[in-house]
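This report concerns only the one structure given below.
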Amino acid sequence: QMGAPMNKKVITEDMITNKTENGYNLNFDVNKSYTTKTATVNGKTVTYRAYENIVYVAKPVDIAYQTINIYIPEEYFKNKSVGKYNAKTAPIFFPNTIGGYMPGAAGVPGNGRDGNPDASLVALSNGYVVASPGARGRTLEKDGKYTGKAPAVIVDLKAAVRYLRYNDGKMPGRADRIISNGTSAGGGVSALLGATGNNRDYEPYLKEIGALNARDDIYAVSAYCPITNLENANTAYEWMFNDVKTYKKIDITMLDYNVERKYTEGTLTDDEISRSNDLKKMFPDYVNSLKLKDKNGKLLTLDKDGNGSFKNQIKQYYIDSANVALKKGIDLSEFDFLTIKNGKVVDLDYDKYIAYMGRQKTPGAFDNVDLSTGENNEFGDKTTNNKHFTEYMLEHSTVNGTMADKKIIKMMNPMDYIGSSKVKYWRIRHGAIDKDTSLAIPAILAIKLENLGKKVDFASPWATPHSGDYDLDELFKWMDKIVA
Ligand code: DHB
């Protein structure tokens with residue numbers, strides 16, 4: 001039961017395609033172990049080779065997750081091109097399947113839940129090589145030890161990147177044009193992968209699993225609703241939702257955005273309200289410490305009540321979002337929190353908008369007093385299933401919880417590494433009605449990246465809940481542009 005998401009095929013030893021008498025063959029061979037597949041994308045037939053269930057490290061801990069699937073347009077074996085690309089120029093689309101910080105098996109292109117071709121199929125039809133890595137997650141166990149706690153997920157993704165870098169000359173596609181994609185926890189680790197390329201902090205962990213000796217930096221990051229900056233996500237959440245005393249919450253088993261959600265309604269207890277007030281008060285100090293600047297170079301700050309230019313910026317993202325919707329012809333007249341003049345959204349009543357969106361999580365939303373969150377579970381270790389990762393919750397723990405290793409908390413947060421990342425291109429989306437984390441969290445990441453001189457495409461699409469891959473036309477336009 002542990003960790004195997006329902007209705008997904010579990011990979012077993014007999015399915016592994018690169019197993020030899022003495023371990024796993026980490027040299028890719030285009031002429032071996034593939035099947036040829038076809039699919040229809042926008043009325044066009046796409047033919048590609050599928051190299052699946054390749055273990056990407058010499059000493060895997062869990063072969064159900066430490067594998068990669070690689071898909072290559074058949075044309076590239078006939079010296080032909082697909083769209084703008086050929087075997088020499090094709091970028092590599094690198095989508096992870098992580099949700100809820102659960103284990104995620106290597107992805108298989110196909111039709112999504114909506115029946116339309118998913119991002120990987122569209123990528124193949126546009127001439128991309130697709131390399132979908134699996135990675136361990138928080139619920140895995142082996143011989144009575146937890147095997148997928150932080151930082152396993154990022155270590156595995158790095159090992160998969162190393163496999164592609166190491167084998168660059170042996171397959172079509174450019175390993176110096178790897179574009180990572182992910183949603184939610186998967187968006188968080190997509191950003192983390194971009195932030196931490198070649199960083200030495202991860203080296204001991206990579207060695208331990210027998211990762212190849214190669215670079216692990218990538219070219220660009222796409223992240224949908226990244227659940228990230230976890231140790232500041234509690235305070236960001238209460239800064240945004242403090243006024244909302246009722247909630248519609250989900251069970252930890254439905255955290256993963258891939259799982260259908262059922263909501264339970266409730267009202268915050270006095271203890272929770274008191275915690276919310278404490279956490280809200282802590283957020284301004286964090287924001288102010290970052291010295292973020294807007295596009296005009298003006299400091300984005302908060303006063304002790306949580307008001308100020310940073311809050312205005314967050315409000316502006318929602319206004320911009322509504323304007324994009326309005327331009328597309330969407331009727332916004334039902335929303336009395338909007339002021340629309342001459343065909344333009346000129347104002348949004350922030351408090352009303354937050355109330356309309358509603359609260360989904362109870363305080364602390366990410367690190368809780370009773371160690372009940374998915375993130376508490378992610379920060380466990382080999383022998384302890386759940387741990388705290390903020391001082392406040394450690395002090396207020398109702399279950400005598402212990403603190404995760406400071407270094408591991410750091411290794412899970414892209415904010416601590418983007419200053420030394422060479423990745424120039426970042427595309428970040430967070431739906432305007434996504435309340436899995438505060439919009440402040442992806443916004444802080446995007447603004448910090450912009451302040452560092454990166455090319456950042458950040459937006460909060462209107463009426464969009466916690467989800468990803470919903471704007472593939474725009475995503476591929478962006479990817480085609482940045483690799484050119
Ligand atoms: C995901 C959602 C969450 O609300 C969370 O805290 C962690 C992960 C997810 O959908 O992946």
Side-chain angles (χ1 to χ4, degrees), residues 3 5-6 8 65 95-105 107 112-113 134-139 148-150 152-154 157 180-193 222-238 240-241 247-264 279 357-368 370-380 386-390 393 404 409 412-414 428-431 433-442 445 464-470:
M6 273 201 307
K8 277 187 193 160
Y65 296 100
N96 71 63
T97 66
I98 306 296
Y101 286 99
M102 295 289 284
R113 268 189 299 182
R136 287 168 293 163
R138 61 184 169 82
T139 52
K149 303 296 188 186
V153 58
I154 184 63
L157 294 183
S180 169
N181 184 54
T183 296
S184 195
V189 291
S190 182
L192 189 59
L193 192 62
S222 163
Y224 289 93
C225 53
I227 298 288
T228 188
N229 197 354
L230 299 172
E231 65 270 35
N232 293 295
N234 265 2
T235 60
Y237 204 85
E238 298 316 317
M240 181 165 268
F241 293 106
Y247 57 81
K248 283 186 186 165
K249 114 176 164 175
I250 55 166
D251 186 78
I252 188 173
T253 57
M254 303 166 201
L255 257 194
D256 180 348
Y257 70 98
N258 287 303
V259 174
E260 198 189 323
R261 293 175 163 187
K262 288 195 181 67
Y263 296 89
T264 316
L279 293 168
M357 200 179 358
R359 171 192 280 277
Q360 181 187 302
K361 294 182 173 180
T362 53
F366 296 86
D367 184 0
N368 211 345
D370 56 357
L371 291 174
S372 59
T373 73
E375 289 74 14
N376 287 136
N377 194 233
E378 171 67 5
F379 280 111
N386 304 290
K387 285 188 172 186
H388 292 297
F389 49 95
T390 62
M393 290 297 155
I409 299 171
M412 292 300 287
N413 193 341
I428 302 169
R429 291 291 179 274
H430 176 97
I433 54 166
D434 190 331
K435 51 239 183 200
D436 274 57
T437 196
S438 165
L439 175 60
I441 290 295
L445 176 63
T464 304
H466 190 62
S467 54
D469 294 358
Y470 40 70

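Just so you know, these numbers use all the heavy atoms, side chains as well, and skip hydrogens, waters and symmetry mates. Both counts, for ligands and for their atoms, begin at 1 and track the order of listing.
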- Task: Applying salt bridge (charged side-chain N to carboxylate O under 4.0 Å, His left out), name anything that partners E238, two or more places apart in sequence or on another chain.
- Result: R359
- Flag the pair E378 / M412 as yes when at least one side-chain heavy-atom distance between them is below 4.5 Å, and no otherwise. yes
- Query: Can you tell me if N376 and D367 form a side-chain donor-acceptor pair at under 3.5 Å?
  - Reply: yes
- Item | Neighbouring residues of ligand 1, heavy-atom cut-off under 4.0 Å | G99, G100, S184, A185, I227, L255, D256, Y257, R261, K361, F366, E375, D436, H466
- Task: Establish, from distance only, whether the side-chain atoms of N181 and D469 form a donor-acceptor pair under 3.5 Å.
- Result: yes
- Item | With Y470 via ring pair (Phe, Tyr, Trp, His ring centres under 6.0 Å) - residues at least two apart | Y224
- Message: Using the ring pair (Phe, Tyr, Trp, His ring centres under 6.0 Å) criterion, which residues pair with F389? Sequence neighbours excluded.
- Response: F379
